[in-house]
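What you are looking at is a predicted structure, and each value in this text was computed from that prediction instead of being measured. Start at 1 with the first residue, then count along the sequence.
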Amino acid sequence: MIDSAHGPNPAPDRTPGPVTPDDLALVLRLAAEALDGAPADADWSRPAGALGWDCWTTVEHLADDLVAYAAQLGPRRPPRDHYVPFRSVRLSPGAPNSFVYARRDSGPAGLVQVLEASGALMVAMARTAAPDTRAHHPWGLADPAGFTAMSLVETLVHLHDVTQGLGLRWEPPAGVCHRTLARLFPDVPLDPAAGPWPTLLWATGRGELPGRPRRTDWRWYAEVRAAG
């Protein structure tokens, strides 16, 4: 969803430090553990929070995003105006267009394994890509840190969606949320009373904050930004 407001207005007092591949590895591990905690009879066809997708499809979408972001950093000449042209398909009306799917007969354990494997590819690429690498994203030409941050926000908020649908707890580390918020949402000031995680949920149209109208149009800013 694209923000109809003006461009970013950085908040100069936020200095939580940069996102790191270790941040992403940690969040992916916590995500897998949270999903592993679903009851054996959990209904993965339930809607994922307020999304129009069910919980299973949302996890597949997340895995697809992680592989796609890793792929952007992989070629000798990373694409600067398009995604790497994998063939993707939409399996049903309203479903996301994807090229990563889990076999349904593998069950939830197989779905989580697909997520873990996809995330590991992105973590490995984040750790090995040259810092001066630049690649296309519709919301800004990004470096490896940018793709790491985008992988983080996708994981953080889609786990929120899925755990809402499955009735599970999801409370990610505040420091990681703060670093992700600062890297991708320079137009969103941290709400010190609420904390980084509720602020990140508000920034992505998923939560309420006192004194701020709920966001219905939003985006992040993927382009390279100076550290600090």
Side-chain angles (χ1 to χ4, degrees), residues 1-31 34 48-51 58 61-62 65-66 68-69 72-73 119 122-123 126-127 131 135 137-164 169-228:
M1 303 172 80
I2 299 178
D3 197 346
S4 57
H6 297 295
N9 182 20
D13 58 335
R14 293 189 309 176
T15 54
V19 296
T20 69
D22 287 345
D23 287 335
L24 181 56
L26 170 62
V27 167
L28 287 163
R29 177 176 63 79
L30 296 175
L51 297 182
T58 302
H61 165 74
L62 172 56
D65 278 342
L66 293 166
Y69 289 166
Q72 287 300 93
L73 299 171
M122 180 57 215
V123 170
R127 286 176 170 153
H137 184 274
W139 288 345
L141 191 69
D143 59 359
F147 280 101
T148 300
M150 288 186 277
S151 299
L152 278 164
V153 74
E154 295 278 9
T155 306
L156 292 165
V157 302
H158 282 317
L159 257 290
H160 167 77
D161 301 329
V162 173
T163 54
Q164 278 197 319
R169 178 175 172 78
W170 176 242
E171 186 70 32
V176 175
C177 297
H178 194 182
R179 290 188 286 278
T180 303
L181 185 71
R183 175 61 179 81
L184 292 181
F185 296 92
D187 58 324
V188 175
L190 174 68
D191 186 317
W197 177 225
T199 304
L200 184 59
L201 287 176
W202 178 86
T204 55
R206 287 170 168 81
E208 308 281 351
L209 286 179
R212 302 189 195 183
R214 189 180 182 99
R215 275 188 148 186
T216 56
D217 294 307
W218 57 272
R219 60 161 286 182
W220 62 63
Y221 294 87
E223 63 269 11
V224 179
R225 296 177 54 228

What pair of heavy atoms forms the shortest contact from [X] to [Y], and how long is it?
X    : Y    : value
A222 : G140 : CB-O, 3.6 Å
P196 : C177 : CB-CB, 3.9 Å
A48  : T58  : CB-OG1, 3.3 Å
L73  : P144 : CD1-CA, 4.1 Å
A182 : R225 : O-NH1, 2.5 Å
L209 : A194 : CD2-CB, 3.5 Å

(message) Run the salt bridge (Lys or Arg N to Asp or Glu O under 4.0 Å) test on D143 and R183 for me, step by step, so that the C-alpha distance in whole Å, both residues' side-chain angles and the decisive distance to 0.1 Å come before the verdict.
(response) CA-CA 12 Å; D143 59 359; R183 175 61 179 81; 3.3 Å; yes
### Task
Step through the shown structure and confirm whether more than 12 heavy atoms of other residues, nucleotides or ligands are within 6.0 Å of CZ on R214.
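Atom CZ in R214 is packed in, count exceeds 12.
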Quick one: [atom1] on [X] to [atom2] on [Y], what's the gap to the nearest 0.5 Å?
X    : Y    : atom1 : atom2 : answer
L66  : L28  : CG    : CG    : 6.0 Å
L152 : T180 : CG    : OG1   : 4.0 Å
R215 : E208 : CZ    : CD    : 13.0 Å
M122 : T148 : CE    : OG1   : 4.0 Å
L30  : E171 : CG    : CD    : 11.5 Å
M150 : T155 : CE    : OG1   : 12.0 Å

If we only count heavy atoms from C-beta on, is the [X] to [Y] side-chain gap below 4.5 Å?
X    : Y    : value
P138 : R219 : no
T20  : R179 : no
R127 : V123 : yes
L24  : V19  : no
T204 : H160 : no
L156 : W197 : yes
W202 : F185 : no
Y69  : E154 : yes

Discussion item. Please evaluate residues R212 and T199 with respect to the criterion side chain to side chain contact (heavy atoms under 4.5 Å, CB included), reporting the C-alpha separation (whole Å), side-chain torsions for both, the decisive distance (0.1 Å), and the verdict.
Written reply: CA-CA 10 Å; R212 302 189 195 183; T199 304; 4.3 Å; yes
